[in-house]
**Q** 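Sending over a structure as structure tokens; questions will come in a sec.
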Amino acid sequence: MTANPAEEMATAYEPGAVEGRVYEAWEQSGAFRPNRPGADPFTIIQPPPNLTGELHVGHALTTAVEDALIRWHRMKGDDALWLPGVDHAAIAVNAIIERQLRDDGLSRHDIGREEFLKRVWEFVNASRSRIAEQHRRLGASADWEREAFTMDEERERAVRLTFKKLYDDGLIYRAERLINWDPVSQTAVSDIEVEYEDVESAFWHVRYPILDEDGNKTDRYVVIATTRPETIPADTAVAVNPEDDRYRDLVGRQVLVPTVDRPVTVIADEAVEIEGGSGALKVTPGHDPVDFEIGERHGLEIINILNLDGTLNENAGKYAGMDRDEARQRLVADLEDAGLLEKTEPYTHAVGHSERTGAVVEPLISLQWWVKIQPLADPAIDAVKDGRIKFVPERFERTYLHWMENIRDWCISRQIWWGHRIPVWYCDDCDHMTVGLTDPTFCESCEGSNIHQDEDTLDTWFSSGLWPHSTLGWPDLDAPDLKRFYPTQVMETGYDIIFFWVARMIMMSMYNMKDAVAQGIVDDDVPFKHVYMHGLVRAADGSKMSKSKGTAVDPLGAVDQYGSDALRFALLSGTSPGNDQRLSDERLEAGRNFANKLWNASRFALGMVEDGDDLALPDPAGMPVEDRWVLSRLNQVNQNVERLLGRFELAEALRQTRDFFWDEFADWYIEVAKVRVRAGDRSPLPVLVHVVDRSLRLLHPFMPFVTEEIWQRLAAIAPDPEGADALIVARFPEAQATLIDESAEASFEAVQEFVRAIRNIRVEKRVDAGRWVEAYVVGATAADTATALSPAIEQLARARPLHVVATPADAPTEGVVTSVLAVGQVALPMAGLFDLDAERERIGKQIAEAEGEVAGLEKKLANDQFTSRAPAEVVQRERDRLETTQSRLAGLRQSLAEIG
RNA sequence: GGGCGGUUAGCUCAGCUGGCUAGAGCGCAGCGUUGACAUCGCUGAGGUCACUGGUUCGAGUCCAGUACCGCCCACCA
């Protein structure tokens with residue numbers, strides 16, 4: 001070694017200065033690829049990043065958590081793979097392109113399918129490379145060479161096979177049913193893509209004239225309350241509860257539907273609630289789910305009054321061509337004119353909006369493809385119930401089970417152009433449907449060639465649901481990755497996506513992987529063993545981050561300003577399973593500050609190494625107490641980190657490591673070691689280098705860039721024993737129980753107390769910070785340690801001359817400020833500064849405190865309920881405490897007596 | 001209407017299977033450029049752990065209820 005690389009380090013950690021270079025080095029070294037076949041597999045699959053816009057901070061959290069877990073497992077030697085993936089977020093992408101077209105006054109039909117898809121791909125390909133770049137900046141150690149995309153050919157193959165299997169099993173069917181229609185994107189959406197929001201609207205009470213036997217209007221009418229008067233033209237019955245006395249005589253009679261003057265029958269159905277509205281319900285099977293079911297029970301006609309763009313059609317009579325809002329207003333006005341509006345009340349109720357476009361969704365009857373879900377849901381329910389899949393935190397299992405147990409058939413067809421196209425061809429001659437794994441050229445029934453493919457595409461989540469196995473080579477059951485990595489260990493995602501994605505992945509994967517289990521290729525059909533849920537990242541004030549309100553933290557902006565590691569620190573230190581967290585500048589600053597502390601403490605420690613230093617850690621038995629203390633603490637933290645990471649408690653693991661490094665290693669050990677090194681003692685060097693090395697390893701999963709950068713210098717001084725040339729491929733430390741030394745910890749803690757006590761007196765007595773003061777340390781049981789460490793105590797407390805004595809009698813009593821501790825006493829002669837009254841008061845206060853504590857403890861120990869029932873060790877601890885407090889009290893009283 | 005979280009220092013949050021003399025970061029007050037770090041160091045102030053009751057030798061921690069705050073699910077027109 002000629003030059004110490006630490007000496008070239010900048011004096012502060014500069015975010016942005018090293019990340020790019022470090023990342024490139026990792027990539028080139030192949031560190032992101034799994035490389036230990038045969039070891040425990042650990043796989044993480046990446047949830048869909050936002051293809052449509054900026055990187056969201058929630059995604060930065062996902063990335064940070066996943067990356068931490070992957071790096072940890074890789075360092076432990078597991079066969080860990082992170083498969084990055086991009087999902088296609090089809091509806092949103094389609095909407096973006098449609099918006100672009102609309103700005104030019106066009107619709108997709110004007111340019112045709114081919115041109116439309118061309119534009120989509122241009123947009124998507126640009127997004128994909130941007131996403132990859134964003135992930136690099138966040139430090140994601142994904143294996144980009146295996147990147148998969150839900151829209152590529154392999155996925156298409158998997159999607160078609162899944163569709164065909166389900167179809168052949170009778171689990172996919174085509175049917176005309178009530179669906180949720182998004183009039184803006186003009187496609188069906190599934191139930192969970194509808195978000196209900198309270199909207200202030202009105203409750204219109206409308207009079208439906210009652211007809212006599214001959215079909216003539218009587219002067220009686222039945223009042224019906226509705227929030228959607230524009231659907232009145234689609235009414236095909238009026239329903240009342242069979243138990244409702246008010247309307248019993250009306251059942252079976254006819255009433256006239258206002259505005260269209262269509263006679264309909266009054267029917268009795270239990271779905272009608274007597275308390276609701278006026279008690280009588282207009283039945284609109286074409287535009288309401290409840291009414292649809294009533295209609296099915298009573299064989300009612302279904303009338304559709306809506307066009308796909310949300311305007312009314314010819315069935316709406318004179319309202320045809322109007323937009324639904326306009327139709328509502330006109331219709332209400334007409335009712336009023338006709339004297340059929342009894343009253344209008346203000347009313348707030350939940351209205352369904354499309355999750356993607358925000359448009360009010362309209363229930364309407366439409367011919368769509370469906371998945372019969374119950375047969376898929378049943379095994380997926382069992383997998384969670386019998387613990388093959390565990391949710392972290394556990395409470396989300398209930399949410400999942402509740403949803404799964406009430407699940408309804410899944411509408412999978414979408415009337416948008418970009419997506420996996422439904423692999424069904426219709427025969428124009430015989431109407432037969434051919435489901436094709438490859439594009440068929442003739443009808444499989446009549447063999448005619450007049451066939452055409454379904455125009456629709458599949459729900460995004462249909463293909464996303466295949467992710468855990470389709471990315472590993474399925475449907476090829478011999479694919480090596482499938483065998484090696486399925487089932488994966490962890491699905492990491494936000495709790496907002498349980499239904500959309502987690503549930504679908506479980507159902508679809510278990511269905512598809514049954515064969516592989518039967519053939520003994522994989523052990524289990526479940527796609528993953530743990531579902532780890534992180535919370536949402538909220539703005540500093542606790543609100544949902546919103547770009548329009550300016551409360552959104554831009555992750556890449558934060559990376560530029562504070563550094564990638566600082567962002568990760570902020571996100572990871574605030575994350576606890578299932579709970580939301582707030583992200584603020586303060587948190588980011590805390591991350592940056594810690595990165596800087598790591599940098600500087602390491603720089604200093606490494607910078608002390610000189611040519612010829614022996615850096616091998618000697619036998620701990622011969623080490624000074626502070627060395628044994630810091631090694632003991634390090635290994636305890638190491639032990640805790642292992643345990644905590646295994647339980648997904650990343651924030652706590654990070655916190656403990658941080659606290660150790662900063663509060664114990666940097667603030668105490670380095671300070672003490674400094675004194676020895678300056679006195680020419682080289683023995684702290686191995687310990688310094690060792691602790692830095694271990695700390696960097698422990699922190700690498702959380703803060704990969706800064707730790708790698710520092711470790712590179714460290715490795716130049718002290719090469720890795722296993723020959724690793726980068727921290728990312730170095731071994732994660734295992735705690736060494738033999739280095740845990742409780743007596744060393746107790747001894748050093750006593751030293752800390754002495755130092756703090758002297759500092760405290762100095763500050764209280766306003767001694768200038770730079771001035772040296774004479775001090776006595778009454779060591780009691782810790783006298784040996786105090787003697788051994790007296791140079792350090794001198795330096796840390798700025799106390800010189802320092803006298804370490806065994807008993808209070810060996811210290812002066814006149815003009816002395818004393819502090820009585822559990823471990824001994826300190827005494828500072830303060831001739832000029834000594835103030836008798838102040839001293840009396842100070843000691844008096846401490847006596848009162850100690851007396852209170854003694855009294856409490858004595859009472860507790862006098863209670864034989866406590867001494868007999870509490871565990872022996874707890875009782876003993878309390879006895880010890882009483883003893884030390886009593887002796888401290890005695891010391892305090894004596895000090896007071898000496899003052900007089 | 002059902003379910004789930006939260007309520008701990010001025011702010012943001014830790015406190016695992018009950019033993020706490022209740023912690024951290026930020027903020028606040030005082031002191032400080034002692035050759036790693038002012039993105040820092042030292043010292044300190046600050047809490048009836050939402051409320052009520054219960055179980056227990058012992059409750060921030062378990063149980064029941066109450067009050068707020070938040071989220072999810074649900075076909076009330």
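Within every chain, numbering begins at 1; the chains are lettered A, B, ... in the order of the sequence lines, protein sequences first and strands thereafter. We use all heavy atoms of the structure for the numbers below, so side chains are in, but hydrogens, waters and symmetry mates are not.
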**Q** Using the side-chain heavy atoms of Asn579(A), tell me which of these nucleotides is nearest: G19(B), G5(B), C40(B).
**A** G5(B)
**Q** Would you say Arg582(A) reaches U12(B)'s phosphate, i.e. side-chain N/O to OP1/OP2 under 4.0 Å?
**A** yes
**Q** With both distances under 3.5 angstrom, what nucleotide forms a Watson-Crick or G-U wobble pair with A67(B)?
**A** U7(B)
**Q** Looking at Tyr347(A), does any N or O in its side chain come under 4.0 Å of the phosphate oxygens OP1/OP2 on A77(B)?
**A** yes
**Q** Expressed in whole Å, how much space separates the P atoms belonging to C75(B) and G18(B)?
**A** 41 Å
**Q** Does the side chain of Glu649(A) come under 3.5 Å of the side chain of Gln656(A) through a donor N or O and an acceptor N or O?
**A** no
**Q** Which pair of non-hydrogen atoms, one from Met703(A) and one from Gly591(A), has the smallest distance, and what is that distance?
**A** CE-O, 4.0 Å
**Q** At 4.0 Å (heavy atoms only), tell me whether Ser576(A) reaches a base, stays on the sugar-phosphate, or touches nothing.
**A** sugar-phosphate
**Q** Under 4.0 angstrom, heavy atoms only, what part of the nucleic acid is Arg881(A) near: base, sugar-phosphate, or nothing?
**A** base
**Q** What does Glu671(A) touch in the nucleic acid at a heavy-atom separation under 4.0 angstrom: a base, only the sugar-phosphate, or nothing?
**A** base
**Q** Return the 5'-most residue of the pair Arg408(A), Glu853(A) with respect to RNA chain B, ranking by each residue's nearest nucleotide.
**A** Glu853(A)
**Q** Need one value for Ala605(A): base, sugar-phosphate or nothing, where a base atom within 4.0 Å counts as base even if backbone is also close, heavy atoms only.
**A** nothing
**Q** Could you please name the option among C4(B), A77(B), U34(B) that lies closest to any side-chain atom of Glu273(A)?
**A** A77(B)
**Q** Can a side-chain donor-acceptor contact be found between Asp880(A) and Gln876(A) if the only test is distance below 3.5 angstrom?
**A** yes
**Q** Return the minimal non-hydrogen interatomic distance between Ile192(A) and Phe500(A), and the atom names on each side.
**A** O-CZ, 3.2 Å
**Q** Please classify the nucleic acid contact of Val272(A) as base, sugar-phosphate, or nothing, using heavy-atom distances under 4.0 Å.
**A** base
**Q** Under a 3.5 Å limit for both distances, which nucleotide forms a Watson-Crick or G-U wobble pair with G47(B), could you say?
**A** none
**Q** Just checking Arg647(A): base, sugar-phosphate only, or nothing, at a heavy-atom cut-off of under 4.0 Å?
**A** base
**Q** Take Arg398(A) and Glu394(A), measure what salt bridge (charged side-chain N to carboxylate O under 4.0 Å, His left out) needs, and give me the verdict at the end.
**A** CA-CA 8 Å; Arg398(A) 292 185 57 168; Glu394(A) 236 173 75; over 6 Å; no
**Q** Consider only side-chain N and O atoms of Glu362(A) and His287(A), and report whether a donor and an acceptor are under 3.5 Å apart.
**A** no
**Q** Would you indicate what Asp667(A) reaches in the nucleic acid, counting non-hydrogen atoms under 4.0 angstrom: base, sugar-phosphate, or nothing?
**A** sugar-phosphate
**Q** Hey, is the main chain of Arg771(A) close enough, under 3.5 Å, to the side chain of Asp768(A) for a donor-acceptor pair?
**A** no
**Q** I need the full list of ring-ring contact (aromatic ring centres under 6.0 Å, His included) pairs touching residues 563-588 of chain A, with sequence neighbours left out, sorted by first then second residue.
**A** Phe569(A)-Phe594(A)
**Q** Would you measure the distance from the P atom in A77(B) across to the matching atom in G5(B) and give it in whole Å?
**A** 29 Å
**Q** Under 3.5 Å, side chain of Arg762(A) to main-chain N/O of Arg798(A), donor-acceptor pair present?
**A** yes
**Q** What is the distance from NE2 of His349(A) to P of G1(B), rounded to the nearest Å?
**A** 19 Å
**Q** What is the distance, rounded to the nearest whole Å, between atom CG of Asn600(A) and atom P of A36(B)?
**A** 10 Å
**Q** Given Pro258(A), which of Leu331(A), Ile232(A), Leu341(A), Asp235(A) fulfils the side-chain contact (heavy atoms from CB on, under 4.5 Å) condition?
**A** Ile232(A)
**Q** Expressed as a whole number of Å, how far does the C1' atom of A24(B) sit from that of G46(B)?
**A** 14 Å
**Q** Which part of the nucleic acid, if any, lies within contact of Tyr400(A), taking any heavy atom under 4.0 Å across all strands shown: a base, the sugar-phosphate backbone alone, or nothing?
**A** nothing
**Q** Contacts to RNA chain B from residues 286-295 of chain A, heavy-atom cutoff under 4.0 Å, which residues?
**A** Val290(A)
**Q** On a whole-Å scale, what distance lies between the P atoms belonging to U12(B) and G70(B)?
**A** 14 Å
**Q** Any sub-3.5 Å donor-acceptor pair from Arg603(A)'s side-chain atoms to Glu7(A)'s backbone N or O?
**A** no
**Q** Using side chain to side chain donor-acceptor pair (under 3.5 Å) as the criterion, list what pairs up with Glu195(A), not counting sequence neighbours.
**A** none
**Q** Does G44(B) have its OP1 or OP2 closer than 4.0 Å to a side-chain nitrogen or oxygen of Asn760(A)?
**A** yes
**Q** Should C31(B) form a Watson-Crick or G-U wobble pair with both distances under 3.5 Å, which nucleotide is its partner?
**A** G41(B)
**Q** Does the structure show a Watson-Crick or G-U wobble partner for G58(B), both distances under 3.5 Å? Name it, or say none.
**A** none
**Q** Taking any heavy-atom pair under 4.0 Å as a contact, classify Arg587(A): base, sugar-phosphate, or nothing.
**A** sugar-phosphate
**Q** How does protein contact run along nucleotides 24-32 of chain B, one letter per nucleotide 5' to 3', with B for base contact, S for sugar-phosphate only, - for none, heavy atoms under 4.0 Å?
**A** -SS---S-S
**Q** Can you tell me, in whole Å, how much space there is between the C1' of C4(B) and that of C42(B)?
**A** 46 Å
**Q** Would you tabulate the nitrogen or oxygen pairs shorter than 3.5 Å linking the protein to nucleotides 70-72 of chain B?
**A**
none

**Q** Between U33(B) and C40(B), how far apart are the two C1' atoms, rounded to whole Å?
**A** 10 Å
**Q** Has Asp244(A) got a side-chain atom pairing as donor or acceptor with Ile274(A)'s backbone, closer than 3.5 angstrom?
**A** no
**Q** Could you identify the nucleotide paired to C16(B), looking across every strand shown and requiring Watson-Crick or G-U wobble geometry with both distances under 3.5 Å?
**A** none
**Q** Using atom C1' in both nucleotides, what's the gap between U48(B) and C20(B) to the nearest angstrom?
**A** 15 Å
**Q** Does the side chain of Lys765(A) get closer than 4.0 angstrom to OP1 or OP2 of U43(B) through an N or O atom?
**A** no
**Q** It should be established whether Lys674(A) places a side-chain nitrogen or oxygen under 4.0 Å from OP1 or OP2 of nucleotide A36(B).
**A** yes
**Q** How would you label the contact of Arg592(A) with the nucleic acid (heavy atoms, under 4.0 Å): base, sugar-phosphate, or nothing?
**A** base
**Q** Between the protein and nucleotides 46-49 of chain B, list every N/O to N/O distance that falls short of 3.5 Å.
**A**
none

**Q** C73(B), A14(B), C37(B): which one has an atom nearest the side-chain heavy atoms of Arg603(A)?
**A** C37(B)
**Q** Closer than 3.5 angstrom, by distance alone: can the side chain of Asn241(A) be matched with the main-chain N or O of Glu273(A) as a donor-acceptor pair?
**A** no
**Q** Does Lys597(A) count as lying over the ring of Phe665(A), i.e. NZ or CZ under 6.0 Å from the six-ring centre, within 45 degrees of the axis?
**A** no
**Q** Under 4.0 angstrom, heavy atoms only, what part of the nucleic acid is Lys282(A) near: base, sugar-phosphate, or nothing?
**A** nothing
**Q** Where does the angle between the aromatic ring planes of Tyr400(A) and Phe391(A) fall among parallel (under 30°), tilted (30 to 60°) and perpendicular (over 60°)?
**A** tilted
**Q** Nearest to the side chain of Arg759(A) - G5(B), U43(B), C76(B)?
**A** U43(B)
**Q** Can you identify which nucleotide, out of C73(B), U34(B), U43(B), has its nearest atom closest to the Arg798(A) side chain?
**A** U34(B)
**Q** Please report the interatomic distance CZ(Phe499(A)) to CG(Asp191(A)), rounded to the nearest 0.5 Å.
**A** 12.5 Å
**Q** If you measure from the C1' atom in U8(B) to the same atom in G25(B), how many Å do you get, rounded?
**A** 15 Å
**Q** Looking at Glu753(A) and Arg756(A), is any side-chain nitrogen of the basic one under 4.0 Å from a carboxylate oxygen of the acidic one?
**A** no
**Q** To the nearest Å, give me how far apart CD (Glu878(A)) and P (G19(B)) are.
**A** 12 Å
